[in-house]
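What follows is one structure encoded as structure tokens, with my remarks underneath.
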Amino acid sequence: MVVTELGNKAIPNAIRSTSKTLESDVLIEHIDHFLKGYESLLTKRNYWTHGLRGVIPETEDNPICAGMIKTFSAKGTMKYSEDRVTVAQLQQFFSDATAFSSFCEAILNELQGENELWAEMREILNKPPPSLERPLLPGALNKQIRAVPTHWLRPEPSPE
């Protein structure tokens, strides 16, 4: 019940702090690795989801379909970023998310024993059991942040 009131950024902090009480240093390191991956994936997901402004379709002149991303920030100063997210980036994101989901399942199995329902689902879907082998951390989001030009904030007065 406590976790339901925590936001996506507070949950990793709570889990990281709580994990320090475990007796297994290896498991603590696994949890920390998982949380680094989770936070990286969450950053990308938020940027792409909340910044999506439209889709550029694949055409003869534009051979790659991409989502147009534009975000604004007003934390101290006005900033913005413009970017594109490609199908290849989304495919890599889902691959990374799947790997970290499986890794998380393996950690949970170590902490509380295997969940019978998940084991049955894996068998039905013909999926391998989760592994404590650490997946590679997702690449960092390469977001180009720019200062908002002054003329956007203070337009020239009209001559009228």
Side-chain angles (χ1 to χ4, degrees), residues 1-59 62-73 75 79-146:
M1 291 185 328
V2 172
V3 174
T4 60
E5 296 303 319
L6 296 177
N8 285 338
K9 303 235 181 212
I11 290 172
N13 291 334
I15 293 171
R16 193 173 276 118
S17 296
T18 305
S19 75
K20 304 292 187 211
T21 64
L22 296 172
E23 293 180 12
S24 169
D25 289 340
V26 172
L27 206 47
I28 292 169
E29 290 170 10
H30 284 330
I31 291 169
D32 189 58
H33 183 80
F34 167 77
L35 292 172
K36 287 176 184 173
Y38 170 83
E39 290 165 330
S40 175
L41 291 167
L42 181 64
T43 297
K44 287 179 181 180
R45 176 248 178 230
N46 287 346
Y47 180 63
W48 292 337
T49 301
H50 299 293
L52 185 65
R53 298 294 180 247
V55 176
I56 303 165
E58 184 177 324
T59 64
N62 182 47
I64 298 176
C65 177
M68 294 184 332
I69 307 295
K70 190 165 197 169
T71 63
F72 292 92
S73 172
K75 296 176 185 170
K79 297 178 184 172
Y80 77 102
S81 67
E82 293 178 305
D83 203 352
R84 292 183 180 189
V85 59
T86 65
V87 172
Q89 287 173 301
L90 293 174
Q91 288 171 329
Q92 183 62 54
F93 175 86
F94 288 119
S95 176
D96 291 341
T98 299
F100 273 87
S101 175
S102 179
F103 183 55
C104 180
E105 185 181 349
I107 292 169
L108 290 173
N109 287 349
E110 286 293 312
L111 289 169
Q112 61 194 21
E114 178 150 27
N115 181 316
E116 290 179 33
L117 177 62
W118 287 115
E120 287 179 32
M121 298 252 321
R122 267 197 321 277
E123 191 173 320
I124 291 168
L125 298 172
N126 198 26
K127 289 178 67 177
S131 167
L132 283 174
E133 184 176 332
R134 293 181 190 175
L136 294 176
L137 289 172
L141 180 64
N142 188 16
K143 167 165 81 164
Q144 302 296 320
I145 299 174
R146 300 176 182 100

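Just so it is clear, the structure is predicted and the values come from calculations on it, not from any experiment.
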Tell me every residue that passes side chain to side chain contact (heavy atoms under 4.5 Å, CB included) with [X], counting only those two or more places apart in sequence or in another chain.
| X | value |
| --- | --- |
| S24 | V26, L27 |
| R84 | I56, N62, A66 |
| I28 | S19, K20, L22, D25 |
| A106 | P130, L132 |

Pairs in or reaching into residues 36-53: which pass salt bridge (Lys or Arg N to Asp or Glu O under 4.0 Å), with residues at least two apart or in two chains?
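Listed by first then second residue: R16-E39, D32-K36.
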Would you mind listing every salt bridge (Lys or Arg N to Asp or Glu O under 4.0 Å) that reaches into residues 94-110, with sequence neighbours excluded?
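Every pair satisfying salt bridge (Lys or Arg N to Asp or Glu O under 4.0 Å) with a residue in residues 94-110: E105-R122.
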Is it the case that over 12 heavy atoms from other parts of the model lie below 6.0 angstrom from the CD1 atom of I64?
no
Set of side-chain hydrogen bond (donor to acceptor under 3.5 Å, both in side chains) partners for [X], sequence neighbours left out:
| X | value |
| --- | --- |
| Y47 | S81 |
| K70 | E82 |
| S102 | none |

Mind listing the side-chain donor-acceptor pairs of residues 135-144 below 3.5 Å, one per line with the distance, residues two or more places apart or on another chain?
| from | atom 1 | to | atom 2 | distance (Å) |
| --- | --- | --- | --- | --- |
| N142 | OD1 | Q144 | NE2 | 3.3 |

Determine yes or no for a side-chain-to-main-chain donor-acceptor pair under 3.5 angstrom, with S101 supplying the side chain and A97 the backbone.
no
Given the side-chain rings of H33 and F100, with only the six-membered ring counted for Trp, is the space between their centroids under 6.0 Å?
yes
Using ring-ring contact (aromatic ring centres under 6.0 Å, His included) as the criterion, list what pairs up with F34, not counting sequence neighbours.
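For F34, no residue satisfies ring-ring contact (aromatic ring centres under 6.0 Å, His included) once neighbours in sequence are set aside.
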Rounding to 0.5 Å, atoms OG (S95) and CG (L90) come to a distance of 12.5 Å
